Amino acid sequence: MSTETKNKQSENIKQEMINLTIDGQVVSTPKGSTVYQAAQQLGIDIPIFCYQDRMPALGACRMCLVEVEKMPKLAASCSQGAMEGMVVHTKSKKAEDGRKSIIEFLLINHPLDCPICDKGGECPLQDNTLDYGSGISRFVEDKRKLEKKTALGPLLIVDQERCIACARCTRFGEIVAGDDALKLKDRGFRTEIGTPNDQPVESKFIGNTIQMCPVGALTSQVYRFRARPWDNDTVESTCTLCAVGCNMKVDTRDNEILRVRSVENRDVNDIWMCDKGFFGYEHVNDDNRIKTPLIRRNGELVPAGWEEVLELIANKFKEVKASPKVGALGGSPLTVEENYFFQKLFREVVESPNVDARVGLSQQDKDQEAIPAGTEISLGEIESLDNVLVLGSDLTETFPVIWLRLKQGMNNGAKVVVTGHHQTEVSPHSNKEIIHAPGEEFAVLDQLEKEVLPTLKGKSALFIGEQYLKSTSRRKILSTLLKWKKQNPELSLNILEGTGNDLGARFAGMHPAIGPAGSDAKQTGLSSSDMLIQASKEPWDLFYVAGANPAAKVPAPLWDQIREKTKFLVVQDLFLTKTAEEADVVLPTLSFIEKGGHVINIEGRIQEIRAAKSAPEGLLSDAEIFTLIAQRLGTTLILDKEFSEHLKVERLPFKVPTQLEEISASTQLEEIKGEQLRLSLSQKLFDHGTRVQYSPAIEQLVKEPTISIHPEEAINRLLKEGDLVVVESEQGTLKGTLKVTEAVAKATVVIPEGFPELSVAQLGMKLSNATAVIVKKG
Amino acid sequence: MPELRVLLKNIDVPNQKDLAVYEQDQGYATLRKAREQTPDEVIEIVKTAGLRGRGGAGFPTGIKWSFVPKDPNLEKYLVCNCDESEPGTFKDRVIIEKDPHQLIEGIAIASYAIGAKKAFIYSRGEFYEGIHILQAAVDEAKAKSHLGDLDIVVHTGAGAYIAGEETAQLDSLEGRKAQPRSKPPFPAIAGLYGKPTVVNNVETLCNAVHIVKNGAEWFQSIGKERNNGTKIFQISGHVKKPGVVELPLGTTLREVIFEHAGGMLDGRTFKAVFPGGSSCSLLTEKDLDVEMDFDSLAKLKTMLGTASLIVMDDSADMVKVAHRLMEFYQNESCGKCTPCREGTRWMVQVLERILSGEGTQSDLDLILNVCDDMAANSFCPLAVGAAPPVISSVVNFREEFEAYVQKNPNADKPREMKVKAYI
């Protein structure tokens, strides 16, 4: 090939632009664009129903018809490729007549129940009818009569009459979520929306289909018939129910939250959200919220005034000042600012270094932790990755919207390798999967290093999740991954761990070894588990718990000792948790929807939350409570100017060391003896934490927690599915129902966290993935 | 002109479906002959012969084969479309039941030409007997090593007319609901499982055997220019001798009906015929001398389609015919696109109303207009085929529709809408 042609070719690749004329305007568009996309470039509005720009065009609804010169028929602009020299008319009589005919067809069997339809006022069918319809119908026959309210699951109701069979919802499940949750059943005019095998819908993302439905066919049990959209007040905020930090809109009416919708942010959640985000707000409206401060009198918690409780707490603080037996626990649901005040109140006013937001999280010390949670790439970059290794992360259960971004990446060609202790919802989509017992991580990493690492081309990412991170070998595992990174500079490291505003709490300094903005703590305090262990052994002066439930995170007998030895327990929460029930003082506080501030997601992105409704009467935010207590002790809590400056950046830098020094103190994997299995802790999106428990819609999605083992292990132990079994560790026992499934690795027992009825905490403090346990008949 | 049996030559030979019998008349010799040539040479013969697809659209087969990328590392598939569901059509059924090895040999030749190592026969599920005969024949051919490294899978459809559309058939083969795909990409580039795929009709593939056996010139000598070869005509309806007959393309409609099908039943007169299955415009008395080939019928704004003649005599009620056919399309519309899903249903409702004596004069123009809209804007050819039988019935036999309408005392008043729309 001559140099000249080579140059020409590369030029073509670079430019590859084509020119076409739409409504008399010339537009230059990249080769491969559709006529619809080219028209959008010019700001020309073409109506659509089935087309949704996050999915490939379908061309089914025919709403986007345009006239293309020299083509015999009108073309569906969503799927018609733009071609050089094409002349397109979107407003010609022929095009307008075509669209009028489509609107007429769509409306003949569409009920005229707009006045009572949830979608009325924000309905693309209404809008397009007004803009492109002819205004009259020639249809005089009977409209089709179908079911008006079929529940397809606890969240979703379908009105079959309203459905225009655009297939957005079914294709969302096929293409974006990969869960095939909905299907169009039957054919022709009998087409209806259903689920595979007519079972209740199985999806963590069904709220998106409601949001995408261009008519009122899909509605939510929660919002249905509650409001007209024009009566709602809308505030944009950030979801804090997991660490993805989806951008959202909260719709309220008369100061009551009616629904949550996602807001587009290409860098974070794109246009998606999970059902916990969509429906998990319900707990905010729940009547079980604590309405006044409570104080323990004669052994009973009774309502008290703010003055009294704040005074009491301030006095206690004076008493215990500088005592080593004081601890502040919690902070994940609190804002960065609130966490900042929380640690400042303790470090500077009470003069206690024992502050820790990590209650129930892996609490390795800084050395063992090696690298904290965070991502090198932004979530938006996931869609353009070429290779992804998901190591021990159950994405849909822990970072659900990251899965949607990854699925889109796979749609764009990314290859995904998955490893872990059990199969996940990602498994069927992966290109390669290795299921292995806890403790075998290094063998798996060796295998990947030989088989997968050399094949990685282009932008690649490691997503490492809690199965590996909660291991005693965390540092060593991360060290291996850093070695890989050295070999392949295009490989990014992303540590997926934690929930809510965990990163924000840490950044604010709610960490025994870390001060605000990542500074070293002036005095290193005890970690939450060390505090609790100490308090179980010797008298402890005071625990102040905000947005945490330590009583559910330690073995029950241990908690009884802790409570007995703790002289004063303050709990600040929305609900009367197990810890709150045993507190001396309980302070009701505000949810993330009733206050403002900043939160930080898994990628270190600093985002704002805004109050979408006013606070319930007589309730104060965590920040206000901390400030009022501090005032009583003569201190004004304010945000350090320097610290506020830190909150102005878009994303906190995620520093990945080039290598990790070997440390001798690293714990050895305990040996498996006889009948023992290795424990793997799993996470569930819909667990029995208080926020799910008090959100009735998603509470129905919670599956009964089970103790899962492989069929071979079950046979060896003469156990079968449904048996009541006991799990024994060195520190405790746990009873539960057995599930026998090949989805779990051999020599492994998988138990979910977050269920009071199957409290894995009973097996001991500082559990790790690989802790040896015995499973036997209960 | 007497019948010219090429594809149907051996259908009356006892036990023709057995491999041993098939082998007696040079069975699989043509496949061996094809394999002595290069794939491109085989394609070239079929191209030169001018074979046009026998499934309805009449696309040149050799050209279709030549679209398949030559990259030997790319997996390719051949799909034999045996989902014979067009009303009035029953030619493929005869072949698979009577002479299955002829088809299998054709599949093997085509697979060799395009470089496919796996072929699928997508058979209409109702061909219960034919499917078993085909499967036995495939097993026999495999056992006697006629197929070489080619694997042929006989797959059964589940009862959807739309699965006869090639891209819908691919979706169905992949385990999805049969719904047509967007083109481009065409199957030859991205078909089954996204791999280059050729979808050919049974009759087309059988023709390939005889073209390779006898040469392109032989094929060109039959029929007319651009319309070469024989065609299996299927005649049903009010004729004395309904059935299949193989004739050169270009035989007149009159000859097919009045010579080969024995003419109209005694005492009846010819009224109309759908010349190519139901999805085309009907022809009347004045059109009887049309030559039955792709181009001549296209000139009359109808089509050869599957060459399935549905013949109607003076007893046929054209309103009922239109209604019955539209009902078929309504039931078979896959529901993917709006015009077809809603339009076929609407038209059935209007025709039902006319039949029940509640039609109005304005309904007739409404039918023409809505059928036009439906056919013009639909996603795939189903609605394009649903409109012509009804439109041509109204246009040619308007007085029959009007007679029904006149039973309604309010026929001239526009019918009141139950719900008025004010926008």
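First the proteins, then the strands, lettered A, B, ... as listed; each starts at 1. Just so it is clear, the structure is predicted and the values come from calculations on it, not from any experiment.
A salt bridge links A:Glu161 with A:Lys148: at least one charged nitrogen is closer than 4.0 Å to a carboxylate oxygen. The existence of a salt bridge linking A:Lys119 and A:Asp113 is excluded, since no basic side-chain nitrogen approaches an acidic carboxylate oxygen closer than 4.0 Å. Contact check on A:Asp386 versus A:Lys457 returns no salt bridge, with no Lys/Arg side-chain nitrogen under 4.0 Å from an Asp/Glu carboxylate oxygen. A:Arg171 and A:Glu174 are not joined by a salt bridge, as no carboxylate oxygen comes within less than 4.0 angstrom of a charged side-chain nitrogen. Between A:Glu104 and A:Arg138 there is a salt bridge, since at least one side-chain N of the basic residue sits less than 4.0 Å from a carboxylate O of the acidic one.
B:Lys70 NZ: more than 12 foreign heavy atoms inside a 6.0 Å radius.
Using a 4.5 Å cut-off between non-hydrogen atoms, the part of residues 166-197 of chain B that approaches chain A consists of B:Lys177, B:Ser182. Applying a 4.5 Å heavy-atom cutoff, the residues of residues 329-346 of chain B that approach chain A are B:Gln330, B:Asn331, B:Glu332, B:Ser333, B:Cys334, B:Gly335, B:Lys336, B:Cys337, B:Thr338, B:Pro339, B:Arg341, B:Glu342, B:Gly343, B:Arg345, B:Trp346.
Applying the salt bridge (charged side-chain N to carboxylate O under 4.0 Å, His left out) definition to pairs two or more places apart or across chains, none involves residues 60-72 of chain A.
Using modelled atom types and a 3.5 Å distance limit, the side chains of A:Thr90 and A:Asp23 yield a donor-acceptor pair. Side-chain contact of A:Gln160 with A:Thr150: a donor-acceptor pair under 3.5 Å is absent, judged by distance alone. For the residue pair A:Tyr132 and A:Asp45, a side-chain donor N or O sits within less than 3.5 Å of a side-chain acceptor on the partner.
Looking at A:Ala167, neither its backbone nor its side chain comes within 4.5 Å of chain B, counting heavy atoms on both sides. Of the two parts of A:Lys100, neither the backbone nor the side chain holds a non-hydrogen atom closer than 4.5 Å to a non-hydrogen atom of chain B. For chain A, no part of B:Val348 is nearby; none of its heavy atoms comes within less than 4.5 Å. Contacts between B:Ala375 and chain A at a heavy-atom distance below 4.5 Å involve the backbone alone (N, CA, C, O). Looking at A:Asp97, there are no atoms closer than 4.5 Å to chain B (heavy atoms on both sides), in backbone or side chain. For chain B, the nearby part of A:Arg190 is the side chain; its heavy atoms alone come within less than 4.5 Å. Heavy atoms of A:Leu106 lying under 4.5 Å from chain B belong to its backbone as well as its side chain. The parts of A:Ile102 that come within reach of chain B are both its backbone and its side chain, each placing non-hydrogen atoms under 4.5 angstrom from that chain.
One distance of note links SG of A:Cys169 with CG of A:Leu182; it measures 5.0 Å at 0.5 Å rounding. The structure places OH of B:Tyr404 at 5.0 Å from CG of B:Leu355, a figure rounded to the nearest 0.5 Å.
For A:Arg99, there are no salt bridge (charged side-chain N to carboxylate O under 4.0 Å, His left out) partners, not counting sequence neighbours.
Figure legend: A:Arg168 and A:Phe49 shown without cation-pi pairing, the cationic atom not lying both under 6.0 angstrom from the six-membered ring centre and within 45 degrees of its axis.
Comparing A:Leu65, A:Leu58, A:Leu107, A:Thr191 by how many heavy-atom pairs each has under 4.5 Å with chain B, the most go to A:Leu58. Of the listed residues B:Ile162, B:Leu382, B:Asn369, the one with more heavy-atom pairs under 4.5 angstrom with chain A than any other is B:Asn369.
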